[in-house]
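Contents: one structure, followed by commentary.
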Amino acid sequence: MTTMKHLFLAIAFAPFALFAQERYGTRTGTITFFSETPAENIEAVNRKVSSVWDVSTGAIQFAALIKAFEFEKALMQEHFNENYMESNTYPKADFKGTVSGVSAEQLKKPGTYDVTVEGDLTIHGVTRKVSHPGKITVNENGSVKAVSRFIVKPEDHGIKVPAVVRKNIAEEIAVSVDLDLAKL
Amino acid sequence: MIAVGATVAVIGGIFAWREYQRPHASAHKLEASHVVSATELLADFQQDEEAATAKYVGDHSTPIEVAGTIRLIDTEAPGIINAVLDTGDPMSGVVCEFNENDFPADWSHGMDVRIKGFCSGMLMDVVIQRCVPII
């Protein structure tokens, strides 16, 4: 069994039920990133993000396969995997941390709540402590949507951009995380 | 000399532009590197994820062919349809992502199907993208 699967199962199915934990998850979350420069704009989307959020403890984690990011142009996708993300060596990115600012009680009624997401973001094998704002929306049907927008600097994760294409890739990449979470 | 230089520059420019605009390879037109059942595919990843990634994902340029029974069909985003193939493991499946134009209208839950697509690896499920049906 894979390490990643162990991690998710540990959160999702550990014998915490006695404490009435509230857990939400998805296997089809979305991460989008956008690089904007005068030379060109580059966007990619990954619709296969796995995430589990334990509301009672606030613990959240999500993971994404690097090769599951899809670009409009094949050449961009190949350069992203081979030259920048080195996805054969670092096939996954993940985040492990906590969500604060919303309680299990609040999730029982529809509304939108401002939260803070803090934890360890690992990209390209380099882990950085991060803290970002987010929003949790509880819909009328009880489903939960978690959203966060933040900036990632490639250099913070040891991602080297060759000088010849430096003007084509932004120093700050805008990242959007959208998770439609269902109760587990 | 100037004419030769200009010709080389034009040819180089055309080549670079065509390469830049090159579309993603279609699984329709490529031969699968491996033919496997959904159950075997998941078992390979569970047994040795690194080896299975090298075998089935590779450089992401060659599709694999997978056979299985549809456990679930969901439309998560506009234009995208996911068919989850049963693996015998209730916690993990093989998620096959189709462009909605490539998804057969008569495919439904419980059908035995074969697909071809590009494996991206495994999180909770094995993920296969840009899938096409083999009919």
Side-chain angles (χ1 to χ4, degrees), chain A residues 1-9 11-13 25-32 39-40 42 45-52 61-82 85-94 165 168 178-180 182 184, chain B residues 15-26 42-61 72 74-82 84 87 89-99 117-131:
Chain A
M1 187 176 287
T2 65
T3 304
M4 190 60 64
K5 189 174 176 183
H6 269 132
L7 285 171
F8 282 111
L9 290 177
I11 281 193
F13 296 103
T26 182
R27 296 173 175 188
T28 54
T30 300
I31 294 178
T32 306
E40 65 178 339
I42 300 171
V45 60
N46 183 328
R47 299 185 186 88
K48 295 289 174 286
V49 177
S50 289
S51 179
V52 175
Q61 58 182 261
F62 60 78
L65 293 164
I66 300 302
K67 282 183 176 160
F69 279 95
E70 297 183 298
F71 293 66
E72 179 189 358
K73 297 186 190 309
L75 189 65
M76 285 181 180
Q77 191 161 322
E78 289 165 11
H79 286 177
F80 172 76
N81 279 292
E82 295 166 12
M85 297 300 286
E86 301 178 273
S87 57
N88 284 340
T89 306
Y90 310 106
K92 297 171 185 174
D94 66 49
V165 292
N168 297 64
D178 294 87
L179 307 171
D180 286 312
L184 297 177
Chain B
F15 176 81
W17 178 251
R18 290 187 59 164
E19 177 65 2
Y20 180 72
Q21 295 294 342
R22 173 169 50 87
H24 289 280
S26 168
L42 177 68
D44 281 354
F45 271 95
Q46 289 179 330
Q47 189 172 2
D48 187 339
E49 185 175 354
E50 195 172 334
T53 300
K55 180 177 179 180
Y56 296 113
V57 179
D59 64 3
H60 216 224
S61 65
L72 175 75
D74 81 82
T75 53
E76 54 164 44
I80 299 293
I81 294 177
N82 288 319
V84 183
T87 58
D89 180 342
M91 292 304 303
S92 297
V94 173
V95 179
C96 306
E97 182 184 280
F98 290 78
N99 181 306
F118 298 86
C119 185
S120 299
M122 179 181 173
L123 292 173
M124 288 290 283
D125 308 296
V126 179
V127 175
I128 303 178
Q129 294 174 292
R130 290 160 37 215
C131 293

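Convention: sequence-line order gives letters A, B, ...; per-chain numbering from 1. Heavy atoms only: backbone and side chains are in, while hydrogens, waters and symmetry mates are out. Note that the structure is predicted; figures quoted are calculated from it, not measured.
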Please determine whether the number of non-hydrogen atoms from other residues, nucleotides or ligands lying under 6.0 Å from atom CD of A:Glu72 exceeds 12. no

Heavy-atom check, side chain of A:Lys48 versus side chain of B:Asp125, under 4.5 Å: no

Compare all side-chain heavy atoms of A:Glu70 with those of B:Arg130 and state whether any distance is below 4.5 angstrom. yes

As an exercise, state the distance from OG1 of A:Thr28 to CD1 of B:Ile80, rounded to the nearest 0.5 Å. 11.5 Å

Just jot down the side-chain contact (heavy atoms from CB on, under 4.5 Å) partners of A:Phe71, sequence neighbours excluded, or say none. A:Phe33, A:Ile42, A:Ala44, A:Phe69, A:Met76, A:Gln77, A:Phe80

Side chains of B:Leu123 and A:Lys92, heavy atoms from C-beta outward: is any pair under 4.5 Å? yes

Of all heavy-atom pairs between B:Ser92 and A:Arg27, which one has the smallest distance, and what is that distance? CA-NH1, 4.4 Å

Can you tell which part of B:Asp59 gets under 4.5 Å to a heavy atom of chain A, answering side chain, backbone, both or neither? backbone

Residues which pass side-chain contact (heavy atoms from CB on, under 4.5 Å) with A:Ser87, listed by chain and number, not counting sequence neighbours: A:Ile66, A:Lys67, A:Asn81

